[in-house]
Amino acid sequence: MNKLEELQKKNEIVNYYIHARELMMWDLSTLAPKNAKQKLADGMTFFSTEIFKLTTSDEYYNLICELSKPEVFEPLDEAMRFEVAKKRRDLEKKRRVPIDFYEKYVGILNESTVIWPEAKQNSDWSMYEKALKNTIEAVKEYQKYTDPDKETYDSLIELFEEGMTQSQIDKVFDELKAELVPLVEAVTSCKQPDGQKFKIHIPKHEQIALCDYLLKYMGMDMDSFCMAESEHPFTTSMSVKDARITNHYYEEDVISAIFSCIHEGGHALFEQNIADKYDGTDAARVDYMGLHESQSRFYENILGRNINFWRPIWNDVCEIVPEFKQFTVEEFHEAINHVENSYIRTEADELTYCLHIILRYEIERAIFAGTVEVEDLPTLWNEKTNELLHITPRNDAEGILQDTHWSDGGFGYFPSYLLGSIYDGMFLEQIEKEMGDVDAILAAGNITKIHRFSLQIFLTEKPLILENYLLLIFHRVLQH
Ligand SMILES: [Zn+2]
């Protein structure tokens, strides 16, 4: 067996372990009974630790070093060169983390993942406070091992946006905030369309049927896809043949499920676009979550809030949800573009959503700069909500407990949502340049043409085009 085959063999085993862990995570977040959760969390800790041991072992690292030698490296194909170089960079950091600490770290994260949904459901900060404190300490310690010379928050951002720093994000967000705050104030002081009209009782089975229909309409390969229910909607991909999303249904608020489904559907389409040959390799994984979010938010906001998305399918939508028959598509379009300062990020409109992200970014900065104590976080959250959105959460479920990200240590992810929202406007510009008016494409019911276009730009043939495309966008945003 040559070195490359040896690496592929080892990666196959690692990928089976990752698959097992991700299935446990999926189960934990969707169907598992309450009393089964701790056992699943323990199983995830076991698999994460085994994966860590395998991939940071001397044997694995030496193999990567062998493959990095120019005479072996150069003849590799593009995807494998990418894989080897990336693994080497990552391993040099990860191998500094002691295995005992790693096991403890993963255990803390998994425990917090189990506690958070319950704390949120009960709106009980006191249930979660200790778990969050432990998570923050564990994350800080982990980053001190992997990136001892960097500020912790910079190294966290890098986990989701390779090469990006707080000062770059500050520059973009500060400029945006300066214009956005007065814009939101101007818009919300105008008369708004009636956002309440669609807050009618729609049974869950109708909502699920509608989401299924919309996903097919967007171009999802339903044989390589499934959807389940969880506290917080998310997307996961086990392989290019297995993209999964979750949704959350409120029977009095169907618009919430519709837009979560379109958003997560955008992520899943992105994953389905990856060519089979890159399955399970680093070339198929995206290190720029802003790019991933640019696709989900493109479908959610740019396409999904456009009336032309709905016109060709309105009759079908009304057949699936007969309660909609009393409304016109124009009324629906108005309702989904209602702007209002609200508490919950995932249900915020396109405009105020950006402020929800800036709020989280500023709080995360404060946490890792050490300027706020964990016990003061609910107060800081409420103060910032008041400052940016002029409302004060009525309880912690509407405030600090609403997002899942911190429970699994995902600090540094939030900025990617806003970067994605900036990129998706650029994506629209590019599509219109190459394909013409998006309104006309949608009105003709040709949404899958757009899907095929993004497929060309992104991963289908050349996964690494993605990197180049992103760098182009970075330069446009950051040099602005
Ligand atoms: Zn997303």
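Values reported hereafter were calculated over all heavy atoms of this structure, with side chains retained and with hydrogens, waters and symmetry mates removed. FYI, the numbering just counts along the sequence from 1. We count ligands from 1, going down the list as the structure has it; atoms in each ligand are counted the same way.
- With sequence neighbours left out, the side chain to side chain contact (heavy atoms under 4.5 Å, CB included) criterion links Met25 to Leu28, Ser29, Met44, Thr113.
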**Request:** May I have the step-by-step check of side-chain hydrogen bond (donor to acceptor under 3.5 Å, both in side chains) for Ser48 and Arg21, ending in yes or no?
**Result:** CA-CA 7 Å; Ser48 292; Arg21 182 191 61 192; 3.3 Å; yes
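- For the pair Arg305 and Phe259, the cation-pi test (distance below 6.0 Å, angle within 45°) is passed.
- Of all protein atoms, those that are N, O or S and lie under 2.8 Å from the Zn ion (ligand 1) total 4.
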**Request:** Please report the C-alpha distance between Phe411 and Tyr153 in whole Å, then the side-chain angles of each, then the deciding distance to 0.1 Å, and finally whether the ring pair (Phe, Tyr, Trp, His ring centres under 6.0 Å) criterion is met.
**Result:** CA-CA 8 Å; Phe411 298 95; Tyr153 196 44; 8.4 Å; no
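- For the side-chain hydrogen bond (donor to acceptor under 3.5 Å, both in side chains) test, residues two or more places apart in sequence or in another chain that qualify with Glu362 are Lys177, Lys384.
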Anything under 3.5 Å between a donor and an acceptor, one on a side chain of residues 205-218, the other on a protein residue two or more places apart or in another chain? List them.
unit_1	atom_1	unit_2	atom_2	d
Gln207	NE2	Ile202	O	3.1
Gln207	NE2	Tyr250	O	3.0
Tyr213	OH	Asp316	OD2	2.6

